[in-house]
Enquirer: 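For reference, the structure I am asking about is given below.
Every number for a ligand or one of its atoms is a count from 1 in the order of the listing. No experiment lies behind these values; they were computed from the predicted model shown. Nothing fancy with the numbering, it's 1 onward along the sequence.
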Amino acid sequence: MARKISIIGAGMTGATTAHWLAERELADLVLVDVVKGLPQGKSLDLLEAMPVIGKDVRVIGSNDYAATDGSDIVVITAGLPRKPGMSREDLLNTNADIVKKATEETLKRSPNAIYIILTNPLDTMCYVTMKVGGLPRERVIGQAGILDSARMRAFVALELGVSVENVACYVLGGHGDSMVPLTRHSNVAGVPLNEMLPADKLAAIVDRTRKGGGEIVALLKQGSAFYAPSAAIAQMAESIIKNKNLILPCSIYLQGEYGLKDIFFGVPAQLGSTGLVKVIEYKLNNEEKAMVEKSAVEVKESISALKL
Ligand code: APR
C-alpha cells in the first residue's frame, strides 16, 4: 500500500511541500485547508503535473479531515501570519488553537502518525502538538534548523564560489533571532569555516543567517519564505519514510540534552521510520553554551505565554 502524507494548511508552504514531496514520489498526498476550493484546486493542479514529471503520486485536497485517514506523516503548516496591531502573544494563541485542532482532528484518524510542524512560533507549536496529542517526543519534530542551516550554507557557498554540497553548517537553538550558528563546527569540505573566511565576512554571514526570514519578508512585502522551508520538510519526511537516519537540525523536545528540559529546541536529530531516533550532542565551549542558554530563555518565555 502506498504511504500517505497529509499536509494541513494548503497555503504557500503547505502547497510547496506537496510539490517537493511529489517530485520525490515518496507517498500519496493530501492537502487540507479551511478555505473552500483551495486545497482541491491546488491538489488537482499538482495531480495534473504528475504525467509530465513521470511520478505516480495521488494528490487530493479537502476541507474535511476525513481525507487524512491512515496517514504515516502529518505536516502542520496551518496558521495565520501576524497582522498589524497583533501582539506576538495574540498570534501565539491564535495559531496554538489552529494547531491544536489540526492535531486532534488528524490524530484520531491517524493514531500512529509522525508529526512535522512548521507553523510559527515553531518551537511553541511543537509543544502544543505534543501536549494536546499526548504524544511521545519521538513523534513530534519541528522544522526550523534545516532552513536556518541551509541559509547559512547558501551564503557561504556564494561567498566562496564552491558547491553547496561541500558546505556543512549547523545552526542550533530556537527559531528566532537568538538562533545559534555554530561556526566552529561548520566547515567547507572538512576545513573549519573560520579558516576559509575572514572574521568580518563570517560575522556578516552569521548576521544575514539570523535575519534570513526577515530579509525575505521585506522583499516579498506580503507572506514569508516558502521554497526553502518546504524543501526542508520534504527532506525530513524522506528520512522518515525511507528510514534513512539522516542527521538534521530539527526542533526536538529535550529531556536533559544540552542541559535543557521541557522545551522544544533546535538540535541535530537523527530521523528514521519511528521519527526521532537520537539527539546528537555537540561539545560546546562556554561562549556557545551561553548562546544556547539565551536562546532557551526566549523559547521558554514563549511556551509560558501559551493558554492551552
Ligand atoms: N485549518 C486548516 N488550515 C488553516 C486553518 C485551520 N484552522 N487556519 C488557517 N489555515 C490555512 C490558511 O487558509 C492558509 O491557506 O493555513 C494556510 C497558511 O498558509 P499561508 O498563509 O500561505 O502561510 P505559509 O506561508 O504557508 O506559512 C504557514 O508556517 O512558516 C510558518 O510563519 C509561518 O505560521 C506560518 C505557517
Enquirer: Please state which protein non-hydrogen atom is closest to atom 26 (O) of ligand 1 and give its distance, to 0.1 Å?
Expert: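 Answer, as residue, atom name and distance: T13 OG1, 2.5 Å.
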Enquirer: Answer yes or no for atom 8 (N) of ligand 1: protein heavy atom present at a distance under 4.0 Å?
Expert: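 Yes, there is one.
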Enquirer: Write out the residue and atom name of the closest protein heavy atom to atom 36 (C) of ligand 1, then the distance separating them to 0.1 Å.
Expert: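 The closest heavy atom on the protein side is T77 O, 3.3 Å.
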Enquirer: Could you tell me whether a side-chain N or O of D148 sits under 3.5 Å from a main-chain N or O of V171, the two making a donor and an acceptor?
Expert: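 Judged by distance alone, no pair lies under 3.5 Å.
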Enquirer: Of all heavy-atom pairs between Y65 and A102, which one has the smallest distance, and what is that distance?
Expert: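 Of all heavy-atom pairs spanning Y65 and A102, the closest is OH-CA, 3.4 Å.
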Enquirer: Determine, for E104 against K108, whether the closest basic-nitrogen to carboxylate-oxygen distance falls under 4.0 angstrom.
Expert: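 Salt bridge between E104 and K108, a charged N being under 4.0 Å from a carboxylate O: no.
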Enquirer: Provide, to 0.1 Å, the distance between atom 19 (O) of ligand 1 and the closest protein heavy atom, together with that atom's residue and name.
Expert: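 Of every protein heavy atom, G11 CA, 3.2 Å lies nearest to atom 19 (O) of ligand 1.
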Enquirer: Would you say N187's side chain and P192's backbone share a donor-acceptor pair under 3.5 angstrom?
Expert: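 No, because the side chain of N187 does not come within donor-acceptor range (under 3.5 Å) of the backbone of P192.
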Enquirer: Short question: side chain of S110, backbone of S71 - any donor-acceptor pair under 3.5 Å?
Expert: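 Yes, because the side chain of S110 sits within donor-acceptor range (under 3.5 Å) of the backbone of S71.
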Enquirer: Side chain of R210, backbone of V206: donor and acceptor closer than 3.5 Å?
Expert: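 No: the side chain of R210 does not pair with the backbone of V206.
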Enquirer: Please report which non-hydrogen protein atom sits nearest to atom 2 (C) of ligand 1, along with the residue it belongs to and the distance in Å to one decimal place.
Expert: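 That would be V34 N, 3.6 Å.
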Enquirer: Using a 3.5 Å cut-off on N or O atoms only, is V35 in polar contact with ligand 1?
Expert: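 N/O-N/O distance under 3.5 Å: no.
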Enquirer: List ligand 1 atoms under 4.0 Å from L38, heavy atoms only on the residue side.
Expert: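 Near L38, meaning under 4.0 Å from one of its heavy atoms, ligand 1 has 15 (O).
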Enquirer: Provide, to 0.1 Å, the distance between atom 23 (O) of ligand 1 and the closest protein heavy atom, together with that atom's residue and name.
Expert: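 Atom 23 (O) of ligand 1 sits closest to the protein heavy atom M12 N, 4.5 Å.
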Enquirer: How does L122 reach ligand 1, by side chain, by backbone, by both or by neither, if only non-hydrogen atoms under 4.0 Å count?
Expert: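 None of L122 does.
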Enquirer: So, does D28 use its side chain to make a donor-acceptor pair with the main chain of A2 at under 3.5 Å?
Expert: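 Answer holds: no.
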Enquirer: Counting distance only, does the side-chain N/O of E257 pair as donor-acceptor with the main-chain N or O of Q255 below 3.5 Å?
Expert: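 Side chain of E257 to backbone of Q255: a pair is present.
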Enquirer: Which atoms of ligand 1 sit under 4.0 Å from any heavy atom of I98?
Expert: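 Ligand 1 atoms under the 4.0 Å threshold to I98: 5 (C), 6 (C), 7 (N), 8 (N).
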Enquirer: What residue and atom, counting heavy atoms only, is the protein's closest point to atom 18 (C) of ligand 1, and at what distance?
Expert: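 Checked against all protein heavy atoms, atom 18 (C) of ligand 1 sits closest to G79 O, 3.6 Å.
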Enquirer: Give the single entry among L91, I76, D33, L118 that approaches atom 31 (C) of ligand 1 most closely by any heavy atom.
Expert: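 Nearest option to atom 31 (C) of ligand 1, by heavy atoms: L118.
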Enquirer: Would K242 and E238 pass as an ion pair if we require N to O under 4.0 Å?
Expert: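 Yes, charged N to carboxylate O under 4.0 Å.
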Enquirer: Among all protein heavy atoms, pick out the one at the shortest distance from atom 34 (O) of ligand 1; state its residue, atom name and that distance to 0.1 Å.
Expert: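 Heavy-atom neighbour on the protein nearest atom 34 (O) of ligand 1: N120 N, 3.0 Å.
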